[in-house]
Amino acid sequence: MPVRRAWAAAVSGASEGLATVLLDRSGLGGQAAKSARIENYLGFPDGVSGVDLTRLAMVQALKFGVRIHSPYAVAGLDLSDDRRPTVVLEDGVRIRCRAVIAATGARYRRLDIPQWATFEKSGCIRYAATESDVRGYERQTSLDVGCQAARLWLRCDHAVARS
């Protein structure tokens, strides 16, 4: 389940009066928060930045009383009690609850190439899922690395051709 759906589930539960806790391992919003533009999110026909979507989700969650904790890493789920699952955090804290929704999120896979970290830090990497994500790059030297759901674009100021 994508992290943005976790926010929707937390808001839905809290708006119905349920005591709701949202735990986020690495930072609020997950992959969505790192996205420059999200074009396929309902209610935003012109798209929305990941930062804005995360901010709006947090405001709405707090409005309904969601308790947000980040960074908090979940280590496991104790199901020994058939009626009350217990979320086990990495620091040993245990949270008994009536229901658990696990949004495991996504992690970018890193290419195993020399100086990859340098490319990432330089700002020349563009993760793209739609054509609109790469507008403006048409006349620039780039490398398109494809995968199933998204593409990674590297804009290189100095391209070296090798045969």
Side-chain angles (χ1 to χ4, degrees), residues 1-44 47-130 133 145-155:
M1 169 186 287
V3 172
R4 60 186 177 188
R5 290 192 188 143
W7 283 86
V11 168
S12 294
S15 70
E16 294 296 324
L18 299 175
T20 307
V21 176
L22 188 138
L23 305 170
D24 196 312
R25 170 189 287 274
S26 61
L28 298 176
Q31 183 179 4
K34 297 176 179 102
S35 298
R37 197 107 191 117
I38 299 170
E39 296 284 338
N40 64 345
Y41 201 74
L42 185 63
F44 295 93
V48 61
S49 75
V51 170
D52 286 343
L53 183 61
T54 299
R55 181 184 51 77
L56 292 168
M58 184 167 45
V59 167
Q60 192 169 15
L62 292 171
K63 170 185 171 182
F64 289 108
V66 175
R67 289 176 285 164
I68 302 168
H69 299 278
S70 179
Y72 264 86
V74 174
L77 187 60
D78 179 353
L79 299 174
S80 59
D81 181 342
D82 291 343
R83 303 181 74 169
R84 298 293 298 255
T86 301
V87 175
V88 181
L89 303 181
E90 279 187 351
D91 63 3
V93 170
R94 299 170 65 83
I95 303 171
R96 290 189 67 202
C97 48
R98 288 188 219 146
V100 174
I101 298 174
T104 58
R107 288 191 182 142
Y108 291 118
R109 283 186 274 174
R110 305 291 189 243
L111 294 176
D112 187 18
I113 61 173
Q115 298 182 331
W116 183 250
T118 304
F119 282 117
E120 284 186 312
K121 291 176 187 172
S122 71
C124 71
I125 293 180
R126 181 91 173 165
Y127 294 94
T130 66
D133 290 331
V145 180
C147 65
Q148 282 185 328
R151 287 196 163 131
L152 166 71
W153 288 71
L154 298 177
R155 188 190 76 229

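Note that the structure is a prediction, hence the values are computed from the model and not measured.
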- Message: Could you go through Phe64 and Glu16, starting from their C-alpha distance and side-chain angles, then the distance that decides it, and tell me whether this counts as side-chain contact (heavy atoms from CB on, under 4.5 Å)?
- Response: CA-CA 9 Å; Phe64 289 108; Glu16 294 296 324; over 6 Å; no

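- Thr20 places a side-chain N or O within 3.5 Å of a backbone atom of Leu18 that can act as its donor or acceptor partner.
- Across all non-hydrogen atoms, the minimal contact from Pro85 to Leu79 is CB-CD2, 3.7 Å.
- Between Ile68 and the options Leu23, Leu62, Val21, Asp24, a side chain to side chain contact (heavy atoms under 4.5 Å, CB included) holds for only Leu62.
- Phe44 places a side-chain heavy atom less than 4.5 Å from the side chain of Leu53.
- Here the closest heavy-atom approach between residue Val11 and residue Ala57 is recorded as CG2-O, 4.5 Å.
- Side-chain atoms of Val74 and Leu89, non-hydrogen and from C-beta on, do get closer than 4.5 Å to each other.
- Arg84 approaches Cys97 most closely through the heavy-atom pair NE-O, 3.1 Å.
- Aromatic ring orientation, His69 versus Tyr72: perpendicular (interplanar angle above 60°, classes split at 30° and 60°).
- Side-chain atoms of Arg37 come within 3.5 Å of backbone atoms of Gly47 as a donor-acceptor pair (strictly under, hydrogens ignored).
- In this structure, Leu77 CG and Thr86 OG1 are separated by 7.5 Å, a value rounded to the nearest 0.5 Å.
- Leu22 and Ala10 make their closest contact through CD1-CB, 3.7 Å (heavy atoms, listed as atom of the first residue, atom of the second, distance).
- The two residues Ile101 and Ala9 have their closest heavy-atom pair at CD1-CB, 3.6 Å.
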